[in-house]
Structure formats: C-alpha cells, structure tokens
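Data first, discussion second: the structure below is written as structure tokens.
By convention here, the first residue in the shown sequence is residue 1. Values below: all heavy atoms of this structure, side chains included; hydrogens, waters and symmetry mates excluded.
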Amino acid sequence: MNVADSELVASILEQNDFTIVDNIDDAEIIIFNTCSVRQHAEDRVMGRISNEISRKNSNKQLKIGVIGCMAQRLGKKLQEQNEKIDFVVGTDRYKKLPEIITNLFKNPGFRSDTVVNNKEIYEDLYPIHTGKLNAFVTIMRGCNNFCSYCIVPYVRGRERSRNAEDIINDVHKTGEQGFKDVTLLGQNVNSYNYKGIDFAELLRRVNKIETVKRIRFVTSHPKDLSDEVIEVMANSEKVCEHLHLAMQSGDDEILSRMNRGYTAKHYYSIVQKLRKAMPDIAITTDVIAGFPGETQAQFQQTYDLMKKIEFDYAFTFKYSPREGTKAAEFNDHILEETRLDRLQQLINLQQDITLKKYQDQIGKIKEIYVEKVSKKSIHELAGKSRDFKITVFKGDKSLIGTFVNVKITDAVGWTLKGKIVK
Ligand code: SF4
C-alpha cells in the first residue's frame with residue numbers, strides 16, 4: 001500500500017512541476033513515506049530520517065518531509081522527535097503537498113496537515129508506476145474492521161471504494177505501459193463495493209482486460225471472502241492461483257479478542273474450498289505470536305492449524321502493541337521472551353513446510369514472468385510463477401518481460417530452480 005501511495009504522491013508532485021530525481025544527492029526535498037503497523041517500522045524510519053537530515057549541514061535549502069501512517073498518527077509530535085523535519089502530511093492530504101512545499105520555500109517554518117478526510121480516494125490521479133514489470137492499482141482505501149491490534153483504521157480512515165470504471169481504465173493503461181502483472185490493492189479487497197459492483201464482479205471485469213496477463217489482489221479478509229469470489233478466481237484465466245489470507249491465530253478466543261470476525265473452523269473451511277476449486281493454489285498468510293492473554297494451549301492451536309493447513313509461506317510476527325488500539329490497553333500482555341519463543345517456533349515450523357511445498361514443485365512445468373537477471377549470476381534470469389514463487393533459470397536477458405515455461409528441477413530455500421522448456 002505504501003509503494004502504491006508513494007507512486008501516487010510522485011504523480012501529484014510531477015503534475016505540479018516537481019521532478020523526481022534518481023539520486024538522493026540531487027534532491028532539494030526528501031519525503032519519507034512511513035508505516036505504523038509495527039513499532040519496529042517506526043523506529044527504523046526515525047533512524048533513517050536522522051541519517052538523511054545530516055545532509056542539511058551541506059545543503060541549507062534541503063527540506064525533509066514525512067507522510068504516511070506515522071505522519072497521520074503522530075502529526076506535530078514528529079517534529080518534537082526531530083526538530084529538523086520541515087513538514088508532516090497525513091494520508092488524506094497528499095493533494096496539498098505541492099502547495100505546502102512551495103510555501104515552505106517562500107516562507108520557511110514547520111508545516112503539518114493531518115486533517116482526516118474519509119471521502120478522499122484520489123480517483124482522478126494515475127500513479128507513476130515504479131515497478132519494472134509489476135504494477136499496483138489501488139481499488140479502495142481505509143478499513144472499517146478495527147482488529148484490536150491494528151492501527152490502520154485510525155490512520156487510514158473509513159473504507160471507501162474507487163469507481164469501478166476508473167479501476168478498469170487504470171488497469172488497461174497499466175497493461176499498455178508494459179506491466180503485465182497487476183495487483184489490485186486495498187486493506188480488505190473482499191469488501192469492495194462501488195454502487196453495487198462487488199469484488200467478484202470487479203474481478204470478472206478486470207479479467208476481461210486484454211492488455212494484462214496476470215491479476216493478483218491483496219489483502220483478503222477471511223470473514224468477507226465469499227464463495228462467489230472463489231468461483232470467479234477459479235474460472236478467470238488471468239486471476240493467479242495465489243491467495244494471501246491472514247489467519248492471525250488458530251484459537252477462537254484469541255480471534256475473538258482480536259476482533260477478527262471468524263473462527264478457526266471457518267478459516268479452515270475457506271482453505272478447503274480454495275483447494276477444491278484450485279488444487280494448485282498457493283496460500284500464504286500472516287500470523288501473530290504472543291497476542292495479549294495467549295496461553296500455551298491457545299498458541300498450540302495456532303501451531304497445530306498452521307501444521308494442518310501447510311501454507312506455502314507465512315509472515316509471522318510477534319505481537320507489537322500499538323498505542324491507541326484496543327489490544328494495547330489489555331492488561332494481560334505476555335512476556336517478550338515468551339512472544340519471541342513462540343515466534344521462533346512458528347518460523348521453524350513454516351520453514352520446514354515451505355521447503356516441502358517447494359520441493360513438491362520439482363518436475364512441474366510452470367509459466368514464469370521473466371522479471372530480471374538473477375542476483376547471483378548474470379547468466380541466470382529470475383521471475384515469478386502464477387503461484388508467486390520466485391524461479392531462477394538459465395536464459396538470455398532479452399527474455400525479460402516475456403513469459404516462458406520452466407521445468408522445475410530443484411528447490412533451494414524459497415527459490416525454485418529450473419530450465420526453460422518449449
Ligand atoms: S482488516 Fe484488520 S488488520 Fe487489516 S487493516 Fe483492517 S483493522 Fe488492520
């Protein structure tokens with residue numbers, strides 16, 4: 001989402017005669033687009049801001065700004081943390097950036113604008129896609145779910161869906177520009193609804209766009225993933241066989257305290273439906289270890305469900321309290337060392353499952369979208385399969401941007417190796 005927002009901000013600035021430079025040394029303005037989802041992300045960006053601010057010693061005109069969720073969350077307080085920050089602009093105020101920056105050069109002095117606008121959808125803006133061959137198209141903004149651990153609804157406001165026609169036009173244009181793999185983006189894409197067009201219908205329409213070859217979407221919420229969406233996924237040739245579906249916990253009481261709106265049984269039933277409709281689908285997930293009050297038995301439920309489901313990959317996190325959320329106020333936070341220990345157990349489990357899942361691919365022929373020369377050898381190329389697995393194989397770089405069939409011969413960690421076949 002932040003990559004997509006950075007592309008949007010780049011577009012707003014370029015339309016107002018600013019130029020995006022390739023090299024930070026040439027910049028007169030540096031803007032940090034920030035994430036608040038975990039404390040770690042915030043700490044890292046403050047470190048990065050401190051590093052770049054030292055550039056002001058040799059470039060007195062340099063302006064430093066902070067945008068995104070952390071800007072929205074902390075507003076003026078950010079300047080208290082680092083007085084050399086020149087401006088802070090929240091997630092709904094990006095259209096104001098040109099004016100704020102221009103005024104700053106005329107009349108220096110800290111500026112902050114974090115006014116919430118729950119209707120802002122930036123619908124008349126086409127972002128500058130910075131990916132080489134893959135592009136993100138935002139279909140909605142905000143979230144209404146208020147999962148008890150999550151800061152997003154507070155910093156990104158209420159859910160609103162973009163005009164379906166604008167989305168279709170953007171995907172079409174994106175494909176024309178050479179991006180053949182497009183990801184539809186939203187905090188909870190399954191609750192997309194624009195004047196009666198729901199996500200299943202949107203997917204059907206996007207699937208008909210001739211200029212793109214692959215369609216993906218993130219993020220899906222288990223409580224809103226309908227049977228109809230699964231059916232459309234299975235029957236739409238461009239919609240890839242990969243779904244990221246956050247599980248978060250395998251215990252019903254913890255899921256309820258997280259305010260997730262589904263049970264472990266329901267989650268498992270969706271996995272079964274997905275695999276029945278698309279036997280080769282890759283399912284990835286997010287899981288939180290050590291949520292407040294999580295007992296050893298409840299953690300075990302999560303562990304056991306992950307083992308039973310066998311995700312292709314899981315993003316596992318230890319619980320991180322976010323000030324302002326309901327869970328941060330729970331009075332039964334568990335010890336950091338217990339959280340870390342449980343996290344490590346989940347990581348170890350998933351590593352074994354991922355390796356097994358990847359080894360299961362050996363012998364299969366997969367269609368790969370060739371994206372780049374491999375980092376490890378100039379004679380090898382790297383790309384992704386429809387089920388989102390990085391695959392490396394010998395080939396000439398003229399193949400970049402094309403689709404090739406690759407027979408998988410090996411699995412090394414989270415990378416498949418293979419050779420091109422006709
Ligand atoms: S669905 Fe839950 S976890 Fe996802 S953004 Fe909304 S509140 Fe956060």
Side-chain angles (χ1 to χ4, degrees), residues 131-135 179-183 212-218 233-234 237-247 271-272 274-287 303 305-317 343-422:
K132 289 205 168 66
L133 297 158
N134 310 287
F179 302 94
K180 300 298 171 201
D181 187 320
V182 173
T183 302
V212 293
K213 193 152 178 204
R214 288 182 177 180
I215 298 153
R216 307 180 185 277
F217 53 90
V218 280
M233 283 180 77
E237 60 160 334
K238 293 183 183 178
V239 179
C240 291
E241 296 78 24
H242 170 225
L243 187 75
H244 186 77
L245 193 66
M247 179 180 100
V271 170
Q272 285 178 307
L274 285 162
R275 287 182 171 157
K276 190 167 175 214
M278 292 161 277
D280 289 332
I281 192 169
I283 304 174
T284 54
T285 198
D286 299 327
V287 183
Y303 187 95
L305 190 54
M306 280 179 76
K307 199 169 171 183
K308 182 165 156 185
I309 289 175
E310 297 194 326
F311 294 104
D312 289 70
Y313 188 80
F315 296 88
T316 45
F317 306 94
L343 174 65
Q344 196 56 52
Q345 289 184 54
L346 298 184
I347 291 171
N348 294 346
L349 170 68
Q350 188 57 47
Q351 266 176 355
D352 291 346
I353 296 171
T354 297
L355 186 61
K356 173 175 170 278
K357 285 275 193 186
Y358 276 54
Q359 282 172 343
D360 286 348
Q361 306 294 318
I362 295 172
K364 290 188 180 172
I365 293 174
K366 300 177 89 77
E367 182 202 69
I368 308 297
Y369 186 28
V370 189
E371 294 176 14
K372 58 188 177 189
V373 172
S374 156
K375 277 185 201 151
K376 293 202 173 142
S377 162
I378 54 164
H379 305 296
E380 288 184 328
L381 301 171
K384 280 190 209 80
S385 59
R386 284 175 63 98
D387 62 351
F388 212 65
K389 292 183 169 62
I390 295 170
T391 306
V392 173
F393 48 92
K394 280 208 173 86
D396 187 83
K397 65 180 180 189
S398 61
L399 291 171
I400 292 172
T402 67
F403 292 82
V404 295
N405 286 328
V406 172
K407 183 165 186 185
I408 306 304
T409 53
D410 200 3
V412 184
W414 303 322
T415 304
L416 296 176
K417 294 206 148 198
K419 58 181 180 195
I420 297 179
V421 290
K422 284 202 175 153

_Backbone of Val287 reached by a side-chain donor or acceptor of Thr316 within 3.5 Å_ = no
_Min side-chain heavy-atom separation Leu381-Val373 under 4.5 Å_ = yes
*Phe315 CZ to Ile347 CD1 distance, which is reported to the nearest 0.5 Å*: 12.5 Å
_Once rounded to the nearest 0.5 Å, what's the spacing between atom CZ of Arg216 and atom CD of Glu241?_
9.0 Å
_For the CG atom of Leu416 and the NZ atom of Lys357, what is their distance to the nearest 0.5 Å?_
12.5 Å
_Donor-acceptor pair, distance only, cut-off 3.5 Å: does the side chain of Arg386 make one with the backbone of Tyr369?_
no
_Show the nearest heavy-atom pair for residues Glu367 and Asn405, with the distance to one decimal._
CA-OD1, 3.7 Å
_Counting neighbours of NZ on Lys364 that are heavy atoms of other residues, nucleotides or ligands and sit closer than 6.0 Å, is the number greater than 12?_
yes
*So how far is it from Phe311 CZ to Leu349 CG, rounded to the nearest 0.5 Å?*
10.0 Å
*Looking only at non-hydrogen atoms, find the nearest pair between Gln361 and Ile408 and report the distance.*
O-CB, 3.4 Å
_Just so I know, are the side chains of Leu133 and Val370 near enough to count as touching, which here means a heavy-atom distance under 4.5 Å?_
no
*Asp312 backbone acceptor or donor facing Thr354 side chain under 3.5 Å*: yes
*Of all heavy-atom pairs between Ala234 and Ala277, which one has the smallest distance, and what is that distance?*
CB-O, 3.9 Å
*asked:* As a quick check of understanding, evaluate side-chain contact (heavy atoms from CB on, under 4.5 Å) for Leu355 and Gln351, giving each step before the final call.
replied: CA-CA 6 Å; Leu355 186 61; Gln351 266 176 355; over 6 Å; no
*Could you tell me how the ring of Trp414 sits relative to the ring of Tyr313: parallel (under 30°), tilted (30 to 60°) or perpendicular (over 60°)?*
perpendicular
*Where is the tightest heavy-atom contact between Ile420 and Lys394, given as atom of each residue plus distance?*
CD1-O, 3.7 Å
*asked:* Would the distance check show the side chain of Thr285 and the main-chain N or O of Ala314 forming a donor-acceptor pair, the cut-off being under 3.5 Å?
replied: no
*asked:* If you define the side chain from C-beta out and look only at heavy atoms, does anything of Lys407 sit under 4.5 Å from Ile365?
replied: yes
*Contact check, side chains of Asp181 and Lys384, non-hydrogen atoms, under 4.5 Å*: no
*Evaluate side-chain contact (heavy atoms from CB on, under 4.5 Å) for Thr284 paired with Phe388, printing each intermediate quantity in order.*
CA-CA 10 Å; Thr284 54; Phe388 212 65; over 6 Å; no
*With the side chain counted from C-beta on, respond yes when Ile283 and Leu274 share a heavy-atom pair under 4.5 Å apart, and no when they do not.*
yes
*asked:* Quick check: do Tyr358 and Val412 have side-chain heavy atoms less than 4.5 Å from each other?
replied: no
_Main-chain N/O of Gln345 paired with Tyr303 side-chain donor or acceptor, under 3.5 Å_ = no
*Lys/Arg-Asp/Glu bridge criterion (N-O < 4.0 Å) met for Arg275, Glu310*: no
_Any Lys376 side-chain heavy atom under 4.5 Å of Val392 side chain_ = no
*Sub-3.5 Å donor-acceptor pair from the side chain of Thr391 to the main-chain atoms of Lys389, do we have one?*
yes
_Which atom of His244 lies closest to which atom of Val218, heavy atoms considered_ = CB-CG1, 4.1 Å
_Distance check, rounded to the nearest 0.5 Å: Asp352 atom CG versus Lys307 atom NZ?_
9.5 Å
*Report the distance from atom CG of Asn348 to atom CG of Leu343, rounding to the nearest 0.5 Å.*
9.5 Å
_Exercise: identify the closest heavy-atom pair between Asp280 and Asp387_ = O-OD2, 4.3 Å
*May I have the step-by-step check of side-chain contact (heavy atoms from CB on, under 4.5 Å) for Glu371 and Ile390, ending in yes or no?*
CA-CA 10 Å; Glu371 294 176 14; Ile390 295 170; over 6 Å; no
